[in-house]
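Taking it in order: structure first as structure tokens, then the write-up.
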Protein chains: 2
Amino acid sequence: MTTPARPAPTIIDVARAAGVSKSLVSLAIRGDAGVSDATRTRILEVADELGYHSNALARGLARGRTQMVGLLVSDLANPYFADVVHGIEEDADATGLGTIIGHGRGSAEVLARRLDEILDLGVDGVIVISAMLDGGTLDRAAARRPVVMVGRPFAPPRRVSVVRNHDEHGAEAAVSHLISLGHRRIAHLASSRRAAATARRDSFERTMRAAGLAPHVIDAGDDGVARLLDRVGAPDGPTACFAGNDRIATAVLSDALDRGLGVPTDLSVVGYDNAEAGRLVRPALTTVEQPREAMGREAMRLLRARIDGDREVAEITLEPRLVVRGSTGPAA
Amino acid sequence: MTTPARPAPTIIDVARAAGVSKSLVSLAIRGDAGVSDATRTRILEVADELGYHSNALARGLARGRTQMVGLLVSDLANPYFADVVHGIEEDADATGLGTIIGHGRGSAEVLARRLDEILDLGVDGVIVISAMLDGGTLDRAAARRPVVMVGRPFAPPRRVSVVRNHDEHGAEAAVSHLISLGHRRIAHLASSRRAAATARRDSFERTMRAAGLAPHVIDAGDDGVARLLDRVGAPDGPTACFAGNDRIATAVLSDALDRGLGVPTDLSVVGYDNAEAGRLVRPALTTVEQPREAMGREAMRLLRARIDGDREVAEITLEPRLVVRGSTGPAA
DNA sequence: CTGAAAGCGCTTACAG
DNA sequence: CTGAAAGCGCTTACAG
């Protein structure tokens with residue numbers, strides 16, 4: 001029916017209606033001391049009646065600060081992001097900062113574009129929850145505003161603070177758990193070539209060798225799950241599998257059950273991430289949990305410090321923990 | 001090391017460096033005709049060298065348009081949103097609009113706050129992917145900018161366009177499927193008291209009665225799943241269950257298996273939403289799929305029309321479809 | 001405690 | 001094809 005035709009009331013309309021100058025309205029609305037209580041109350045009432053909303057564009061332009069931070073995520077569907085964002089927003093809410101989210105839809109190119117758009121919008125800082133962006137892109141962003149990354153870059157760009165989990169410790173915990181259950185032929189399904197995946201893989205190999213066992217690594221892409229399952233039950237086949245993330249681990253679980261293999265009787269399975277799906281499947285998934293909300297909170301702390309003028313670039317590594325459920329059991 | 005100390009170059013810096021007036025720079029950057037190719041090229045080169053970025057705040061303030069739309073979601077972790085957002089962004093990308101996402105974290109109050117923040121930021125329109133917001137809040141937003149809602153409100157606010165799926169048809173398809181498999185004692189686990197849930201429940205009851213069967217409805221909250229499973233196997237106990245959404249359906253599945261019940265031998269289960277988890281669990285979940293990406297695209301189409309001055313408020317209902325998997329089978 | 005003035009970085013008619 | 005000027009809605013010293 002109606003379009004938002006009527007132009008939005010401005011500070012001038014409020015000033016006129018309240019019979020004061022526009023600077024006074026500005027002060028009153030921002031809660032500045034030095035405006036009498038009576039006047040402030042009256043001005044706020046008038047503003048409310050008129051349906052006045054402060055124009056954030058004009059405010060940001062005049063102040064050079066928007067009190068907004070941008071959150072860049074590469075993939076909304078991945079629940080990992082939801083938890084990190086939760087941690088970030090808890091801190092942001094408590095410190096009076098607004099958050100807007102930009103979404104890369106799984107593409108580094110789209111993500112970089114969103115990053116630019118959000119910087120153009122004048123946010124006071126940015127948290128990139130993704131390891132997708134290359135160093136150059138991150139560094140160019142960091143030249144404009146403070147940038148914190150949650151995740152694990154290959155080489156931390158000079159001007160970007162990083163919050164990540166200790167992938168080596170997480171992988172070690174997963175593999176040690178399997179070894180302590182008596183498994184000796186353990187395969188690793190590597191998730192990707194990114195830094196976190198590489199660290200988990202390296203740690204898998206080190207932990208196996210330290211126990212005097214031969215590490216066996218399979219690339220998860222290109223039918224890796226099928227190739228793994230083909231060998232289960234063979235004389236020298238694996239009795240356990242450490243998957244690079246929960247998505248792969250749940251695929252192993254589903255496909256194993258579809259083949260009539262028992263989990264954990266024929267194959268023990270460990271994932272990484274503690275995704276929600278791992279709690280729903282049966283047997284429920286043993287996995288490594290990153291402290292996602294804590295990572296978000298730390299990232300926001302670092303960003304606030306940078307926004308407030310701290311020049312220090314930091315790197316924070318948080319400890320993951322093993323969550324044991326039904327998908328792992330004693331070796332046959 | 002370095003802070004983003006150096007103030008960002010403006011159109012004036014570019015003008016000076018290129019030896020032209022600042023209005024000319026503005027025209028050249030926006031690709032206005034009426035600037036010679038040679039001049040435009042030179043100006044763009046200079047802008048690039050200087051690392052110039054157009055200030056979206058200033059641009060938006062001057063033009064009254066930001067070419068940005070706001071997307072409000074109540075819960076990032078729910079994959080339903082990711083697909084709707086995907087559809088929206090496909091259209092937005094193709095039509096040159098940017099998108100920023102505001103996140104309600106499961107709270108109507110937080111969501112309403114984000115909605116305000118994003119409107120203050122001067123977006124050209126808003127898509128609310130949630131049925132959480134009350135009519136008053138939506139209507140107040142619609143008084144400021146065009147608003148489209150994806151989901152099902154109880155009473156569509158006068159000024160808000162709506163895109164939703166046909167819950168009645170979806171529920172009917174689910175129940176008819178069970179009836180055609182020979183089930184006669186079918187229970188419905190109602191998910192909430194919201195409009196979509198109510199529509200599914202009503203349709204369940206109508207479909208059952210039309211088939212001469214007695215509808216049995218259980219509130220999913222408050223241990224509803226346990227109360228349902230307690231009765232499975234009893235002489236007059238249910239042999240099938242239509243859950244109001246996939247989250248509930250997968251809980252039924254997990255809990256049934258934990259109790260040693262067979263699915264679908266002892267109990268057939270149907271969900272609603274086609275969430276990813278339903279594909280991962282075993283048996284995989286039979287469910288009703290909403291055309292989520294299409295709903296997003298339609299919402300964006302409606303919003304663009306409104307932004308371009310169309311005053312028509314529309315309501316679009318898309319058809320869901322049944323996805324049959326392993327969790328449903330013939331009645332014993 | 002209050003008001004007039006300049007400025008944030010851009011766009012947009014309007015003259016040349 | 002190019003330049004000077006006003007204005008978008010706010011904030012911020014600066015005088016009173």
Side-chain angles (χ1 to χ4, degrees), chain A residues 4 6-44 46-47 50-68 117 119-124 144-145, chain B residues 4 6-44 46-47 50-68 117 119-124 144-145:
Chain A
R6 181 159 30 99
T10 75
I11 212 175
I12 296 193
D13 301 311
V14 177
R16 188 155 28 216
V20 298
S21 80
K22 69 175 199 171
S23 12
L24 188 53
V25 175
S26 173
L27 294 176
I29 283 173
R30 299 196 335 268
D32 196 292
V35 179
S36 71
D37 275 11
T39 319
R40 184 206 316 296
T41 308
R42 189 161 48 86
I43 291 180
L44 291 183
V46 170
L50 262 47
Y52 171 78
H53 287 269
S54 173
N55 180 324
L57 259 36
R59 195 176 351 117
L61 184 59
R63 302 186 51 161
R65 275 284 194 97
T66 54
Q67 303 279 89
M68 287 277 202
E117 283 173 13
L119 284 167
D120 290 351
L121 257 184
V123 293
D124 296 337
R144 302 178 63 186
R145 296 283 163 178
Chain B
R6 179 159 32 98
T10 75
I11 213 175
I12 296 192
D13 300 311
V14 177
R16 186 155 29 216
V20 298
S21 80
K22 71 174 197 171
S23 12
L24 187 54
V25 174
S26 173
L27 294 176
I29 284 174
R30 299 198 331 271
D32 195 295
V35 179
S36 71
D37 275 10
T39 319
R40 182 205 318 296
T41 309
R42 189 160 49 86
I43 291 179
L44 291 183
V46 170
L50 261 48
Y52 170 79
H53 287 270
S54 173
N55 180 324
L57 260 37
R59 198 176 350 119
L61 184 59
R63 301 186 52 161
R65 274 282 195 99
T66 55
Q67 303 281 87
M68 288 278 202
E117 284 174 12
L119 283 168
D120 290 351
L121 258 185
V123 293
D124 295 336
R144 301 178 64 187
R145 296 284 163 178

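Labels below follow one simple rule: chain letters A, B, ... track the order of the sequence lines, proteins then strands, and each chain is numbered from 1. When reading the values below, keep in mind they use all heavy atoms of this one structure, side chains included, and skip hydrogens, waters and symmetry mates.
- Spacing between atom CD1 of Ile12(A) and atom C1' of dT11(D) amounts to 13 Å, rounded to whole angstrom units.
- Looking at Gln67(A) and Arg59(A), their side chains never come closer than 4.5 Å, going by heavy atoms from C-beta outward.
- For the pair Leu121(A) and Glu117(A), the minimum side-chain heavy-atom distance is 4.5 Å or more.
- Between Gly19(B) and Ala62(A), the residue whose closest nucleotide on DNA chain D is further toward the 5' end is Gly19(B).
- OP1 or OP2 of dG3(D) sits under 4.0 Å from a side-chain N or O of Ser21(B).
- Atom CG of Leu27(B) and atom P of dA13(C) are 11 Å apart (whole Å).
- The phosphate of dC8(C) has neither OP1 nor OP2 within less than 4.0 Å of any side-chain N or O from Arg65(A).
- When side chains are defined from C-beta on, Asp124(A) does not count as touching Met68(A), because their heavy atoms never get closer than 4.5 Å.
- Between Ala58(B) and Ser23(B), the residue whose closest nucleotide on DNA chain C is further toward the 5' end is Ala58(B).
- Counting to the nearest Å, the C1' atom of dC10(D) and the CD atom of Gln67(A) are 15 Å from each other.
- When each of dC8(D), dT12(D), dG3(D) is scored by its nearest atom to the side-chain atoms of Val20(B), the top-ranked nucleotide is dG3(D).
- Side-chain contact between Asp120(A) and Ser54(B) is absent, with no heavy atoms from C-beta onward closer than 4.5 Å.
- Rounded to an integer number of Å, the gap from NE2 of His53(A) to C1' of dC10(D) is 16 Å.
- Distance from the side chain of Ser54(A) is smallest for dC10(D) among the nucleotides dC10(D), dT2(D), dC10(C).
- At least one side-chain heavy atom of Arg42(A) sits less than 4.5 Å from a side-chain heavy atom of Val20(A).
- Separating the CG atom of Asp37(A) from the C1' atom of dC1(C) is a distance of 12 Å, rounded to the nearest angstrom.
- Under the Watson-Crick or G-U wobble criterion, with both distances below 3.5 Å, dC1(D) is paired with dG16(C).
- Residue Arg63(A) has a polar side-chain atom (N or O) positioned under 4.0 Å from OP1 or OP2 of dT12(D).
- In this structure, the CG atom of Leu61(B) is 18 Å from the P atom of dA6(D), given to the nearest Å.
- For the pair Ile11(B) CD1 and dA4(D) C1', the computed distance is 14 Å after rounding to whole Å.
- Proximity of Ser26(B) to the phosphate of dT11(C): a side-chain N or O atom is located under 4.0 Å from OP1 or OP2.
- Rounded to a whole Å, the NZ atom of Lys22(B) is 13 Å from the P atom of dT12(C).
- Proximity note for Ser36(B) (side chain, C-beta onward) versus dT11(D), dT2(D), dC8(D): the nearest is dT2(D).
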